[in-house]
S.K.: 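Below you'll find the structure I mean.
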Number of protein chains: 4
Amino acid sequence: MVETVKPRRRQARGERRMAQLLNAAEEVFAADGFNAATTNAIAAAAGVSPGTLYQFFPNKGSMAAALADRYVDVLAEVHDPEAKVVGVPLDDVINRMVDPAIEIAEQHRAFEAMFWAQPCDKLRDSVTENVDRTIATRVPELDPSRRRLIATVTVKIFGALLPSILAASGRERAEMTGELKRVLRAYLLDVSD
Amino acid sequence: MVETVKPRRRQARGERRMAQLLNAAEEVFAADGFNAATTNAIAAAAGVSPGTLYQFFPNKGSMAAALADRYVDVLAEVHDPEAKVVGVPLDDVINRMVDPAIEIAEQHRAFEAMFWAQPCDKLRDSVTENVDRTIATRVPELDPSRRRLIATVTVKIFGALLPSILAASGRERAEMTGELKRVLRAYLLDVSD
Amino acid sequence: MVETVKPRRRQARGERRMAQLLNAAEEVFAADGFNAATTNAIAAAAGVSPGTLYQFFPNKGSMAAALADRYVDVLAEVHDPEAKVVGVPLDDVINRMVDPAIEIAEQHRAFEAMFWAQPCDKLRDSVTENVDRTIATRVPELDPSRRRLIATVTVKIFGALLPSILAASGRERAEMTGELKRVLRAYLLDVSD
Amino acid sequence: MVETVKPRRRQARGERRMAQLLNAAEEVFAADGFNAATTNAIAAAAGVSPGTLYQFFPNKGSMAAALADRYVDVLAEVHDPEAKVVGVPLDDVINRMVDPAIEIAEQHRAFEAMFWAQPCDKLRDSVTENVDRTIATRVPELDPSRRRLIATVTVKIFGALLPSILAASGRERAEMTGELKRVLRAYLLDVSD
DNA sequence: GATGAATGAGAGTTCATTCAT
DNA sequence: CATGAATGAACTCTCATTCAT
């Protein structure tokens, strides 16, 4: 009994540390970008020593990957697999894809940086997978590999416009977001013929 | 007249070196990206000492900027301002925008890297400007600021898909290129209503 | 209490290193002067890598400043604020100002170099302050700003002759030192009328 | 005849170049100090190429030395060897030593920098020599080596206070200059007993 | 003479990572 | 687990000087 309690405590502490470190990494990655971010800066932001950081993450990239995982989870939480996709205006589908993603990107400040960092393919892949599935449901007759291509392109477009959206606010942001949706709607309409 | 030749000779050597250095920079930027590229590596690739590099360029960014300038020039050379834009299928207009850009990107190996590097806004701006002008000719009634937005989005989409296009070849590349054109056509059609 | 010892240990190693680095810096600054001294040379003289140096000092100037602080401390230790300054021959006062300073300069080989280096104003200021206070005690009726001027001039004279004194030895040094004291006595006598 | 004219012209051009280069060196040395001054900067300031500079001066130090020579000459021009030194108030003698020197230092902007630069011992030596001779005339019974010592000390004091004098202006400068003269008068009075 | 390109060792500084404590 | 000292190669950039033209 004692043996089981102690490990739990340890694990709990460990996870707290990891979360703490990831939060710090999020700040630093968001502020400086992946390349310019410094493991020392992350450790400092987390209030621990560099050595401690390396007890939880083998290298800088793994922190980015872990952050990406976190974002994948958040996206999954928000994603409603039961959501109607067929017999619904395309605009609604796009809204349900784009809006939560933007909101998450805004709330999780390193989302944008992680979206492009090399060690975070997972994140892009996951988003792509979601889009792919949505398309699959809505346009089942589409060839899977073609569908994959379309999903990939869709995600790249999203990634390309996201920075401008996040950098803007108010009216400007609405405009940029509108433009993103316009592009996607036009493309997806064209493609689903 | 004779006097002008002598100075030219000296400048000639210098300009040869500059070209040589820019070529080397192109290689290194293409291989490593702007951030990871080192001035020493560029100098070495050019077969000169680091000091020589700095006789022609005050810093790393200026090499990127010069390279960007070069690409702007190449784009300008290829661009035919007399080309018919009105009363012509949109597909043709898009082909004439996209195909030369891709070809240039392929021939000038750092084009992609420069397209995103911070010291090279000029390049993106120049491409955006070209697109803007083309739209202006074709859809004159469009509000200029809205037009600018559309051009910007168009260029971002191009930039987002370019890496995949360049990374691919043969059938795959044709597919990616086709997809890029499809996106742009759908978007621009939608927008010019 | 036990807890405080452990952190101390870590700091102890660090402070040992800092002392070691400052000693090395002292050697190198003394030998080459502040400008010509290199951080790599200092690190090498301390037997550590350049990176280690920068864990304790953010830049070259800060090492000089730290050295200057050290000398300020040594001067403070030697300075007896209770020492009689009134009702005592001026020669004694001057001896008590000059002799310890020269001795410190001799024992701490970079004293002279630090005395003039820009990042070490503190050192000159501190010495000036001491002189100022001594004059204040001995000639209380003197206008403070005038007193400051006199102290400044006194210190500059000291700094100007110090190199010759340190460079000499034996009889020559005694002569130079005597000359310094003669100047100061004559000046301070003149001034306190 | 032709042969004698051409060399003259060449020499004339050469001396013009040297003067031009020295003027440039004066600016740069004055602005940056001897160490921080750059031969390239000097050449640029003179409007010539680095290679040209090295056709007239073998290295950076030699430019400083040449400048020092120039200042020695200027001092000599100003110096009146017939000036009465005996049977005249000491204040007058000091004025005639100090005032022209300060004026020269002000007019020739690198005087101060050259006064301390290592390749310019000549300048200090020359000034020292002048002072030595003046003392010799006024106090002939003084032991020559002691006289040399006094002259040296006098010059060092001058050099130590000169920067403060030049940096100041108006009332402040008058104060500093006054202080310099006070020191020297007190010292020389004491010494000539 | 004059040019300016060329040199190259070396400056100060950084940082992902390791390791003794 | 945590610490923070330690590493060291690598980075960007400089500059007195030389040399081909």
S.K.: Is the shortest side-chain N to carboxylate O distance from B:Asp73 to B:Arg70 below 4.0 Å?
M.R.: no
S.K.: Between F:dA2, F:dA6, E:dT17, which one does the side chain of C:Phe56 approach most closely?
M.R.: F:dA6
S.K.: Please check the phosphate of F:dA2 (OP1 and OP2 only) for any side-chain N or O of A:Arg17 closer than 4.0 Å.
M.R.: yes
S.K.: Just how far, in rounded Å, is C1' of F:dC15 from CG of B:Leu53?
M.R.: 15 Å
S.K.: Judged by each residue's nearest nucleotide on DNA chain F, which is more toward the 5′ side, C:Gly47 or B:Pro50?
M.R.: C:Gly47
S.K.: Nearest whole angstrom, please: distance from the P of E:dT14 to the NZ of C:Lys60.
M.R.: 15 Å
S.K.: Of the non-hydrogen atoms in B:Ala110 and B:Phe29, which two are nearest, and what is the gap between them?
M.R.: CB-CB, 4.0 Å
S.K.: Taking B:Thr38 for the side chain and B:Ala41 for the main chain, is one N or O donor matched with an acceptor at less than 3.5 Å?
M.R.: yes
S.K.: Answer whether the closest heavy-atom distance between the side chains of B:Phe111 and B:Leu162 falls below 4.5 Å.
M.R.: yes
S.K.: Separation of D:Ile42 atom CD1 from F:dC15 atom P, in whole Å?
M.R.: 12 Å
S.K.: State whether C:Asp121 and C:Arg124 are salt-bridged, where the test is any N-O pair (Lys NZ or Arg NE/NH1/NH2 against Asp/Glu carboxylate O) under 4.0 Å.
M.R.: yes
S.K.: What stems show up for DNA chain F when you take Watson-Crick pairs (N1-N3 plus N6-O4 or O6-N4) and G-U wobbles (N1-O2, O6-N3), both under 3.5 Å, and require three or more consecutive pairs?
M.R.: E:2-21 with F:2-21
S.K.: Indicate whether OP1 or OP2 belonging to E:dT3 is found under 4.0 Å from a side-chain N or O atom of D:Ser49.
M.R.: yes
S.K.: C:Arg16 has an atom CZ; how far is it from atom P of F:dG4, in whole Å?
M.R.: 15 Å
S.K.: Please give, in whole Å, the distance from F:dA6 C1' to C:Met18 CE?
M.R.: 16 Å
S.K.: Looking at E:dT14, I'd like to know if its phosphate oxygens (OP1 or OP2) sit under 4.0 Å from a side-chain N or O belonging to C:Tyr54.
M.R.: no
S.K.: Return the value, rounded to whole Å, for the distance between atom CZ of B:Arg13 and atom C1' of E:dA6.
M.R.: 8 Å
S.K.: Tell me which donor-acceptor pairs under 3.5 Å the side chains of residues 42-53 of chain B have, and how far apart each pair is, sequence neighbours excluded?
M.R.:
residue : atom : partner : partner atom : Å
B:Ser49 : OG   : B:Thr52 : OG1          : 3.3

S.K.: Residues of residues 19-41 of chain C with any non-hydrogen atom less than 4.0 angstrom from an atom of DNA chain F: list those, numerically ordered, please.
M.R.: none
S.K.: Roughly how far apart are C:Lys122 NZ and C:Leu67 CG, rounded to 0.5 Å?
M.R.: 12.5 Å
S.K.: Out of curiosity, A:Asn35 CG to A:Gln118 CD, how far, rounded to the nearest 0.5 Å?
M.R.: 6.5 Å
S.K.: Which comes earlier along DNA chain F counting from the 5' end, the contact point of C:Val48 or that of B:Pro58, where each point is its nearest nucleotide?
M.R.: C:Val48
S.K.: Does any non-hydrogen side-chain atom of D:Phe57 lie less than 4.5 Å from one of D:Met18?
M.R.: yes
S.K.: Take the protein atom CE of C:Met63 and the nucleotide atom P of E:dT13, then report the distance between them rounded to whole Å.
M.R.: 11 Å
S.K.: Would you mind reading off the distance between B:Gln55 atom CD and E:dA5 atom P, rounded to a whole angstrom?
M.R.: 6 Å
